[in-house]
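So the structure is just underneath, and the comments pick up after that.
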Amino acid sequence: MTQGGRDRSAGETGSRPEILSASTWADRVAALLADRLAARPELVVCLPTGSTPLPVYERLPSVLAARDVSAAHATVVLLDEYLGLRPGHPARCDALLGKVVVDRLRPARTIVFDVDQQEPAAACAAFDRDIAAVGGLDLVVLGLGRNGHIGMNEPGSAPNAPTRVIGLAPSTREAAIRYGADPPPTHGVTLGMAGILATPEIWLLATGAEKAGILAATLDGPVTPEVPASLLRDHPGLRIIVDDAAARSVRSPGPS
Ligand code: F6R
């Protein structure tokens, strides 16, 4: 057992990935989330949107119900948000999180970026204050971006980068078009690298062959702000949970 009483053996935590088949990956992540909620009903968990976690979010209600675990005392924090999309726009991260997580799980509290009522910088400051007011994050779940971004921490993000407004990279803007924002936003707001790295537990998720190259760069390439996800590698509470298609170019998969 190591930090925080977690067992780091056999693919549990660390910078080597836990590799699962496409058919079991989402069940595994949902079961782990249920474990965390069972152990700490007041969990403060920061969640991503995007397509990667959707199968996890679909399964969560039944996984929680089967174990008689509830999110009713938990706080769900939204990882990031686009700027310039109208309230309720289906590509908005808060709209998606509302539909796929909040409406299904009914957590006690949800923290999002108030980009409609406040200037973006003020919304970032309020977001950080809201997180501090609930005692800080226990767990942050991240999807691996095509260019190695996490949240909207694009390449070039330093480990001490705060919650902030950021210009979106071309591949992030292309993804926004796929999520239904056309023309895509040019900027977003995101939990910073500093806030991510200050969280005791970090899960990095990746699925599908399109993530194989960037997952290999994240895990086997240099630790560099040019691949922000690589900056997670030394974090003691990192857990990397991927499917076998995403892991196919990883050099030494390690135990799973
Ligand atoms: C979304 C987010 C992004 C995505 C990443 C992967 O809230 O923070 O960093 O997690 O771009 O996106 P998908 O899962 O659509 O491949």
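Since we're looking at a predicted model, the values are computed, not measured. No hydrogens, no waters, no symmetry mates; every other heavy atom, side chains included, goes into these values. Order of appearance sets the numbers: ligands from 1, and atoms from 1 within every ligand. The first residue in the sequence is number 1, and the count goes up from there.
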Give the atom numbers and elements of ligand 1 that come within less than 4.0 Å of a heavy atom of [X].
X	value
T49	1 (C), 7 (O)
L79	8 (O)
Y179	12 (O), 13 (P), 15 (O)
G143	5 (C), 9 (O), 10 (O)
L144	6 (C)
K211	6 (C), 13 (P), 16 (O)

Look at ligand 1 and say whether [X] reaches it with a heavy atom at a distance under 4.0 Å.
X	answer
E210	no
L78	no
R178	no

Checklist entry - Any nitrogen or oxygen of S51, main chain or side chain, under 3.5 Å from a nitrogen or oxygen of ligand 1? => result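 There is such a contact, yes.
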Next on the checklist: Side chain or backbone, does G151 bring an N or O within less than 3.5 Å of an N or O on ligand 1?
Outcome noted: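 So ligand 1 has an N or O lying under 3.5 Å from an N or O of G151.
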Checklist entry - Could D220 and R16 be called an ion pair, given the rule that one side-chain N must be under 4.0 Å from one carboxylate O? => result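 Yes, D220 and R16 are salt-bridged.
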Item to check | Test: R36 and E201 ion pair at under 4.0 Å | outcome: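 The answer is yes: the pair qualifies as a salt bridge.
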Next on the checklist: Among all protein heavy atoms in this structure, tell me which lies nearest to atom 14 (O) of ligand 1, with the distance rounded to 0.1 Å.
Outcome noted: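 Protein heavy atom with the smallest distance to atom 14 (O) of ligand 1: T52 OG1, 2.5 Å.
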Checklist entry - What protein heavy atom sits nearest atom 5 (C) of ligand 1, and how far away is it? => result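 It is H149 NE2, 3.4 Å.
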Examine distances only and state if a side-chain atom of [X] and a backbone atom of [Y] form a donor-acceptor pair shorter than 3.5 Å.
X	Y	result
H149	L168	no
R67	V63	no
E81	D94	yes
N153	L191	yes
R146	I214	no

Checklist entry - Has E42 got more than 12 heavy atoms of other residues, nucleotides or ligands less than 6.0 Å from its CD? => result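 Count over threshold, so yes.
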Next on the checklist: Tell me the closest heavy-atom pair linking R173 and P184, and the distance in Å.
Outcome noted: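 Looks like NH2-O, 3.1 Å.
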Next on the checklist: As a test of understanding, state which of L139, D138, T199 forms a side-chain contact (heavy atoms from CB on, under 4.5 Å) with V44.
Outcome noted: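 When side-chain contact (heavy atoms from CB on, under 4.5 Å) is applied between V44 and each of L139, D138, T199, only D138 qualifies.
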Checklist entry - How does M152 reach ligand 1, by side chain, by backbone, by both or by neither, if only non-hydrogen atoms under 4.0 Å count? => result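 Neither; no heavy atom under 4.0 Å.
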Checklist entry - Is ligand 1 under 4.0 Å from a heavy atom in the side chain of D80, in the backbone, in both, or in neither? => result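 Side chain only.
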